[in-house]
There are 2 protein chains.
Amino acid sequence: MTGIKDVAKAAGVSVSTVSYVLSGKRAISGKTADKVMEVVRKLEYTPDASAQKMRGLRNRILAVSEPIRGDINEAKYNAYFLYTAWQAKNAGYDVLLLTGENAVDDIQRVTRSNMVDGVLLLDVVEDDDRVAQVDSYDKPCVAIGYPADRGDCACVDIDFAAAGTLAMDYLYKRGHRDVLLLRDNERDYERRSGYVVALRRHMLDRAHELGVRVVESGKNEAGRFDAAAFVRDLKAMDPRPTAIVNQADAAVVNMVVQELDDAGLKVPDDISLLSVGTFFENDLVRRPVTEIPVMPKLLCAKAVGLLLSAVEDGRRISASGELISPVMQDHGSVATVIPSVASTSDATGSPSPHTSPRKKRT
Amino acid sequence: MTGIKDVAKAAGVSVSTVSYVLSGKRAISGKTADKVMEVVRKLEYTPDASAQKMRGLRNRILAVSEPIRGDINEAKYNAYFLYTAWQAKNAGYDVLLLTGENAVDDIQRVTRSNMVDGVLLLDVVEDDDRVAQVDSYDKPCVAIGYPADRGDCACVDIDFAAAGTLAMDYLYKRGHRDVLLLRDNERDYERRSGYVVALRRHMLDRAHELGVRVVESGKNEAGRFDAAAFVRDLKAMDPRPTAIVNQADAAVVNMVVQELDDAGLKVPDDISLLSVGTFFENDLVRRPVTEIPVMPKLLCAKAVGLLLSAVEDGRRISASGELISPVMQDHGSVATVIPSVASTSDATGSPSPHTSPRKKRT
DNA sequence: TTGTAAGCGTTATCAT
DNA sequence: ATGATAACGCTTACAA
């Protein structure tokens with residue numbers, strides 16, 4: 001309500017003086033500056049953001065696109081969203097959230113109408129419309145996630161090819177030749193959520209190269225996972241897997257760990273557990289699990305940093321595709337075993353001499 | 001980039017004609033309108049939001065304040081946030097998220113700088129700064145939650161006094177005289193999160209009035225809940241509670257149900273389970289639980305509706321404090337029992353003749 | 001039915 | 001060191 005004119009009048013100076021005092025873009029005598037600032041505080045003057053934006057100043061608003069597909073309660077993706085908001089805030093930016101189904105329309109609308117300074121894309125899937133249309137936005141844009149074809153879109157993600165390799169090499173090096181893949185929520189595969197699908201493929205590929213046998217768990221429908229059945233199946237397998245590679249979330253892992261416990265299987269002595277592409281930092285886990293995490297904090301920091309380098313310094317970022325190396329966080333849930341001789345040959349019905357896994361924890 | 005002048009030039013009309021075609025605020029000949037719209041589409045013209053706002057039009061942006069206190073992964077509150085965003089979107093509004101610690105500063109900044117049309121307050125605690133300062137905002141404001149003193153702030157919430165009464169009356173009517181209160185996460189009590197605290201108090205008060213004995217579970221620290229111990233304690237109690245009243249989240253309830261099962265206690269035949277002030281709709285629950293839910297969807301719809309009535313129709317809403325009646329959602333986890341005669345008298349060490357609860361489910 | 005021009009609240013250029 | 005004023009892109013009162 002109170003504008004720069006009111007301040008100027010009350011301080012007995014011109015509007016330009018007020019503007020310059022506030023922006024610091026030219027020298028002002030200490031006396032005038034003090035008087036102006038005093039009035040500014042007294043009148044609680046805050047410059048009109050629209051007027052500033054019209055003059056070409058930045059808004060300090062970033063659009064964050066996170067289309068809500070189906071269920072609203074996907075805590076997994078909230079981590080990215082909140083860290084993004086947090087990073088933006090730290091840099092002095094606010095976040096305009098775009099959750100509509102027609103994400104591309106929304107992004108075009110807010111960029112073309114000059115409502116925001118830049119755009120962040122969250123929950124990117126393998127063939128993402130928002131990425132494909134990046135050239136139609138009037139503002140810089142960074143995706144968190146790496147679609148199959150990133151075109152001109154700047155992308156930041158974990159290197160999931162490397163993560164898949166790292167996971168399998170890690171197990172292989174510790175003697176594991178038979179692993180059980182605990183699938184993520186089916187919905188994540190179906191929506192072709194970028195990394196979940198890619199990671200699984202890379203793990204299977206690497207396992208094949210190494211001669212590691214991978215059996216996949218049954219489909220894991222949302223909210224219907226039967227941990228008891230999973231463990232029962234595990235015990236019935238021949239040869240019995242020496243490790244579980246997990247893509248599912250904390251709730252599922254907790255249930256599995258509990259069931260393993262009930263079934264008398266100790267982690268890692270009787271069965272190793274490695275979680276890949278998950279993020280357990282904040283969730284309750286019944287026991288620490290060795291993990292190659294997705295690192296939302298890091299990704300969001302990188303993405304916001306990259307976007308702001310374009311917004312504030314005009315850097316051209318359309319060429320940037322940053323892949324961050326995965327890291328193994330050892331929490332002692334993977335043991336070293338002696339590979340069973342039969343494990344790489346074909347599995348006949350004969351009772352394979354199962355090598356009891358018992359070694360130092362890793 | 002492309003402005004109204006460009007459109008006017010290309011269409012061979014004046015800028016006001018273009019403006020009027022787009023706003024529909026005066027009659028335009030069909031021919032001109034068509035031509036203009038064609039050019040608008042071809043040039044992908046989108047009016048500059050700042051310029052419009054300067055002319056007094058609405059921005060169609062609502063600020064949503066949800067300060068992140070401590071841990072970032074509080075899924076509970078995300079539901080409110082997402083439903084709010086969804087409701088806003090449905091009404092044609094975008095959402096500017098304010099997560100900073102200094103919520104009041106942020107709200108003052110975005111309202112005074114005219115960046116938003118209105119403000120929604122989420123995760124309101126009993127003595128909430130944001131509510132206390134509501135008069136210092138330059139835009140209409142609605143809180144979801146009911147602080148101790150709402151002052152001039154419009155508030156929408158479940159009537160938790162009524163909910164507490166409803167919960168206890170419901171159990172009392174079904175013969176329960178001894179109940180065990182399963183506490184929510186301690187953090188929720190500590191931060192004095194509005195309803196969690198109020199609800200507990202109201203339940204205890206009502207129980208006292210009815211002569212229902214309430215024993216509280218031990219503190220439930222985040223991520224450290226020991227369901228087995230909880231059930232062990234339950235079995236050791238004398239007289240043994242016939243019902244559990246739950247304030248904790250789905251993860252905790254799942255664990256408890258599982259442990260009850262393992263301990264041979266059937267719900268509801270051996271022990272009733274009533275959840276109050278929770279929201280299990282989207283979470284996996286091992287068995288349906290009778291619930292007086294918090295109804296975020298409804299609350300958000302009411303709040304957004306109220307706010308928009310102020311934003312769009314200029315209604316004065318500072319007098320509005322809407323309390324929504326709680327509803328009991330029966331999912332068959334509460335049984336009717338025959339009250340034990342000893343239950344209202346003092347509990348001596350004598351082995352009370354525990355009335356085995358077995359009746360029709362409710 | 002359409003055009004002209006004032007004005008919204010700022011910033012920045014030009015004077016002084 | 002400070003002041004007057006054009007310009008930003010749009011909406012709308014007024015004119016034609």
Side-chain angles (χ1 to χ4, degrees), chain A residues 1-40 43-61 109-117 138-139, chain B residues 1-37 39-40 43-61 109-117 138-139 312:
Chain A
M1 271 303 179
T2 144
I4 198 170
K5 283 181 194 165
D6 305 304
V7 177
K9 204 164 293 174
V13 297
S14 75
V15 290
S16 58
T17 300
V18 176
S19 178
Y20 281 119
V21 168
L22 259 39
S23 71
K25 289 190 182 176
R26 85 174 172 194
I28 300 281
S29 80
K31 233 173 56 175
T32 348
D34 289 349
K35 171 170 261 174
V36 168
M37 285 311 293
E38 192 193 316
V39 174
V40 164
L43 300 189
E44 293 176 332
Y45 166 68
T46 310
D48 184 293
S50 303
Q52 291 185 309
K53 182 95 180 152
M54 275 228 320
R55 293 294 320 174
L57 294 211
R58 282 183 288 276
N59 226 352
R60 305 192 84 83
I61 299 183
R109 176 173 55 81
V110 300
T111 53
R112 294 202 181 129
S113 68
N114 201 23
M115 280 175 56
V116 300
D117 293 329
D138 286 355
K139 302 285 169 184
Chain B
M1 272 301 179
T2 143
I4 198 171
K5 283 182 195 163
D6 304 306
V7 177
K9 204 165 293 173
V13 298
S14 74
V15 289
S16 63
T17 300
V18 176
S19 178
Y20 281 119
V21 167
L22 259 40
S23 73
K25 289 192 181 174
R26 85 173 172 195
I28 301 279
S29 80
K31 232 174 58 173
T32 335
D34 289 348
K35 173 170 262 177
V36 168
M37 286 311 293
V39 175
V40 164
L43 299 189
E44 292 175 332
Y45 167 67
T46 309
D48 183 294
S50 303
Q52 290 185 311
K53 182 96 181 150
M54 277 231 316
R55 293 295 325 181
L57 294 212
R58 282 185 287 277
N59 225 350
R60 307 192 83 82
I61 299 184
R109 177 173 54 83
V110 299
T111 54
R112 295 202 180 131
S113 69
N114 201 23
M115 279 175 56
V116 301
D117 292 328
D138 286 355
K139 303 284 171 183
E312 300 188 336

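These numbers come from the heavy atoms of this one structure, side chains and all, not from hydrogens, waters or symmetry mates. Everything quoted here is computed from the prediction, not taken from an experiment.
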**Report entry** Whichever of A:Ala33 and B:Asp48 has its nearest DNA chain D nucleotide further upstream toward 5'
**Finding:** A:Ala33
Query - Selected nucleotide, minimal atom distance to B:Arg55 side chain, candidates C:dT4, D:dA4, D:dG9 - result: D:dG9
Report task. State whether A:Ser29 places a side-chain N or O below 4.0 Å from either non-bridging phosphate oxygen (OP1 or OP2) of D:dT2. Result -> yes
Query raised in the report: If you check the B:Thr17 side chain, which of C:dT11, C:dG3, C:dT13 turns out closest?
Result: C:dG3
Requested in this report: Can you figure out which of C:dA12, D:dT11, D:dA1 approaches the side chain of A:Tyr20 most closely?
Outcome: C:dA12
**Report entry** Heavy-atom check, side chain of A:Val21 versus side chain of A:Thr32, under 4.5 Å
**Finding:** no
Query raised in the report: Side-chain contact, heavy-atom cut-off 4.5 Å: A:Ile61 with B:Met115?
Result: yes
**Report entry** Heavy-atom check, side chain of A:Met37 versus side chain of A:Leu22, under 4.5 Å
**Finding:** yes
Report task. Find out whether B:Met1 and B:Glu44 are in side-chain contact, i.e. whether some heavy atom of one side chain is under 4.5 Å from a heavy atom of the other. Result -> no
Query raised in the report: Under 4.0 Å between a side-chain N or O of A:Thr32 and OP1 or OP2 of D:dA1?
Result: no
**Report entry** OP1 or OP2 of C:dT11 under 4.0 Å from side-chain N/O of A:Ser19
**Finding:** yes
Query raised in the report: What's the NZ-C1' distance between A:Lys9 and D:dT2, to the nearest Å?
Result: 18 Å
**Report entry** A:Asn114 CG to D:dG9 C1', straight-line distance once rounded to whole Å
**Finding:** 10 Å
Query raised in the report: Between A:Arg26 and A:Leu22, which has a closest nucleotide on DNA chain C that is more 5'?
Result: A:Leu22
Requested in this report: Ignoring backbone atoms, establish whether A:Gln52 has a side-chain N or O less than 4.0 Å from OP1 or OP2 of C:dT11.
Outcome: yes
Query raised in the report: Which nucleotide in the list D:dT12, D:dC8, C:dT2 gets nearest to the side chain of B:Ile28?
Result: C:dT2
Report task. Indicate yes or no: at least one non-hydrogen side-chain atom of A:Gln52 is less than 4.5 angstrom from one of A:Ser23. Result -> no
Query raised in the report: With no angle test and no hydrogens, is the base of D:dG9 tied to the side chain of A:Arg112 by a donor-acceptor pair under 3.5 Å?
Result: no
Query raised in the report: What's the CG-P distance between B:Asn59 and D:dT11, to the nearest Å?
Result: 13 Å
Query raised in the report: For D:dT12, does either OP1 or OP2 sit under 4.0 Å from a side-chain N or O belonging to B:Lys25?
Result: yes
Report summary line: Atom CZ of A:Arg58 and atom P of C:dT11 are separated, to the nearest Å, by 14 Å
Requested in this report: Find the distance B:Asp34:CG to C:dT1:P and express it as a whole number of Å.
Outcome: 14 Å
Requested in this report: Would you kindly give the CG-to-C1' distance between B:Leu57 and C:dG9, to the nearest whole Å?
Outcome: 15 Å
Requested in this report: For the side chain of A:Val13, starting at C-beta, report the closest nucleotide among D:dC10, C:dT10, D:dG3.
Outcome: D:dG3
